[in-house]
Number of protein chains: 2
Amino acid sequence: MVQNTGRPGYLQIADDLRTQIRGGSLAPGTLLPSTAQLAEQYDASLSVVKMAVGILRNEGLVIGQQGKGVFVRDAEERPAGDEQADLAELRATVRDLSVRLAKVEEQLATSTSRRPGRSSR
Amino acid sequence: MVQNTGRPGYLQIADDLRTQIRGGSLAPGTLLPSTAQLAEQYDASLSVVKMAVGILRNEGLVIGQQGKGVFVRDAEERPAGDEQADLAELRATVRDLSVRLAKVEEQLATSTSRRPGRSSR
DNA sequence: TTCACCAACATAGTTAACCTAGTTGGCTTG
DNA sequence: CAAGCCAACTAGGTTAACTATGTTGGTGAA
């Protein structure tokens, strides 16, 4: 695997995994092989596998969970044809986050000015 | 730069550059500072800068030319219909914000109710 | 049995080193 | 002067090592 076509290895692996996901060969919810297993399977180094998985993660096709593994995302939770609704939902979420963040920031400001405490991080 | 917010450095740098590009602070056609300069500017390692630039390159915001540098892409020649990438990007940001906010909220809750202590683990 | 600890394995992030390849500008040589 | 070489830059790809953190299963003690 990962032949010398000029296309970088991490893109070849990402392409292959993406194809398998889109094609259903890797069903939603499926746990991908571990980084080490993929490295052996594609005869690549751990680094390029990590880069490939990072790309898919960035694309929202998979979700990595520390300590468990990398899972194929459900088709519903990943960008389907309904981008309008998705956008609307995202917007709503962002609004919610903004409100929550504002509250926290306010609390934090008053508590730190009033009461010296946890400051470092 | 690249403060310790829990958000990985390569994403912080990518966010910052993306903001500058979207905001017009880095106009289309502009030559970005070299990898080494960015590394110094953000006080980060070369590796994280390369990862950050790689993300923007993957998003189509910039184009790297070997031997010359990395240029900001014109808005028109950018992948126009690539709402997929936009959505993925937004989704990633929202996910990150949720996690960070949840952590802060929890910290705040415990620190206000009882002694600020880290007892987990 | 149940609880606590620990080793093994997982993703994730960071850093450093090395290599390839393209560009540019200056310097040397004919 | 002109041609060509070369050193110094650039981006890009690959690899390895290390750290942090989360999960899981087994082991041993109470």
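Chain identifiers are assigned alphabetically (A, B, ...) following the order of the sequence lines, protein sequences preceding nucleic acid strands; residue numbering begins at 1 within each chain.
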- Message: For B:Gln20, give me all partners under side-chain hydrogen bond (donor to acceptor under 3.5 Å, both in side chains), at least two apart in sequence or on another chain.
- Response: B:Asp16
- Quickly work out the A:Leu32 CG to C:dC9 C1' distance and round it to whole Å. 16 Å
- Query: Whole-Å distance between C:dA10 P and A:Leu31 CG?
  - Reply: 10 Å
- Check the distance between D:dT10's C1' and B:Glu40's CD and give it to me in whole angstrom. 16 Å
- Find the distance A:Lys68:NZ to C:dA8:P and express it as a whole number of Å. 22 Å
- Sequence neighbours excluded, which residues qualify as side chain to side chain contact (heavy atoms under 4.5 Å, CB included) partners of A:Ser45? A:Ser47, A:Val48
- Picking from D:dT10, C:dT24, C:dT11, the nucleotide nearest the side-chain atoms of B:Ser34 would be D:dT10
- Query: Between C:dG13 atom C1' and A:Ile55 atom CD1, what is the distance in whole Å?
  - Reply: 16 Å
- Minimum heavy-atom distance B:Leu56-B:Ala14, with the two atoms named: CD2-O, 3.8 Å
- Rounded off to whole Å, could you give me the CD1-to-P distance for the B:Ile63 and C:dG22 pair? 17 Å
- Query: Starting at CZ of B:Arg73 and ending at P of D:dA11, how long is that distance when rounded to a whole Å?
  - Reply: 17 Å
- Task: Round to the nearest Å and state the distance from B:Gln65 atom CD to D:dT10 atom C1'.
- Result: 11 Å
- So which heavy atom on B:Val62 is nearest to which on B:Val53, and how close? CG2-O, 4.3 Å
- Query: What is the minimum heavy-atom distance between B:Leu46 and B:Ala36, and which atoms define it?
  - Reply: CD2-CA, 3.7 Å
- Message: As a check on the pairing definition, encode DNA chain D in dot-bracket form, counting Watson-Crick and G-U wobble pairs whose two distances are under 3.5 Å, and using | for partners outside this strand.
- Response: ||||||||||||||||||||||||||||||
Compile the donor-acceptor pairs under 3.5 Å between side chains in residues 23-34 of chain A and protein atoms, sequence neighbours left out, one pair per line.
| residue | atom | partner | partner atom | Å |
| --- | --- | --- | --- | --- |
| A:Thr30 | OG1 | A:Ala27 | N | 3.2 |
| A:Thr30 | OG1 | A:Ala27 | O | 2.4 |
| A:Ser34 | OG | A:Gln37 | N | 3.3 |

- Query: Which residue pairs satisfy the salt bridge (charged side-chain N to carboxylate O under 4.0 Å, His left out) criterion with at least one member in residues 60-69 of chain B, sequence neighbours excluded?
  - Reply: none
- Message: At less than 4.0 Å, is any side-chain N or O atom of B:Arg57 found next to OP1 or OP2 of D:dA11? Yes or no.
- Response: no
- Message: Taking side-chain hydrogen bond (donor to acceptor under 3.5 Å, both in side chains) as the definition, give me every residue that meets it alongside A:Arg7, ordered by chain and number, with sequence neighbours left out.
- Response: A:Asp15
Give every pair of a protein N or O atom and an N or O atom of nucleotides 14-20 of chain D that lie under 3.5 Å apart, one pair per line with the distance.
| residue | atom | partner | partner atom | Å |
| --- | --- | --- | --- | --- |
| D:dT14 | OP1 | A:Gly9 | N | 2.9 |
| D:dT14 | OP2 | A:Gly9 | N | 3.4 |
| D:dT15 | OP2 | A:Ser45 | OG | 2.7 |
| D:dT15 | O5' | A:Ser45 | OG | 3.4 |
| D:dA16 | N7 | A:Ser47 | OG | 2.9 |

- Message: Checking B:Glu40 now: which residues fulfil side-chain hydrogen bond (donor to acceptor under 3.5 Å, both in side chains) with it, not counting sequence neighbours?
- Response: none
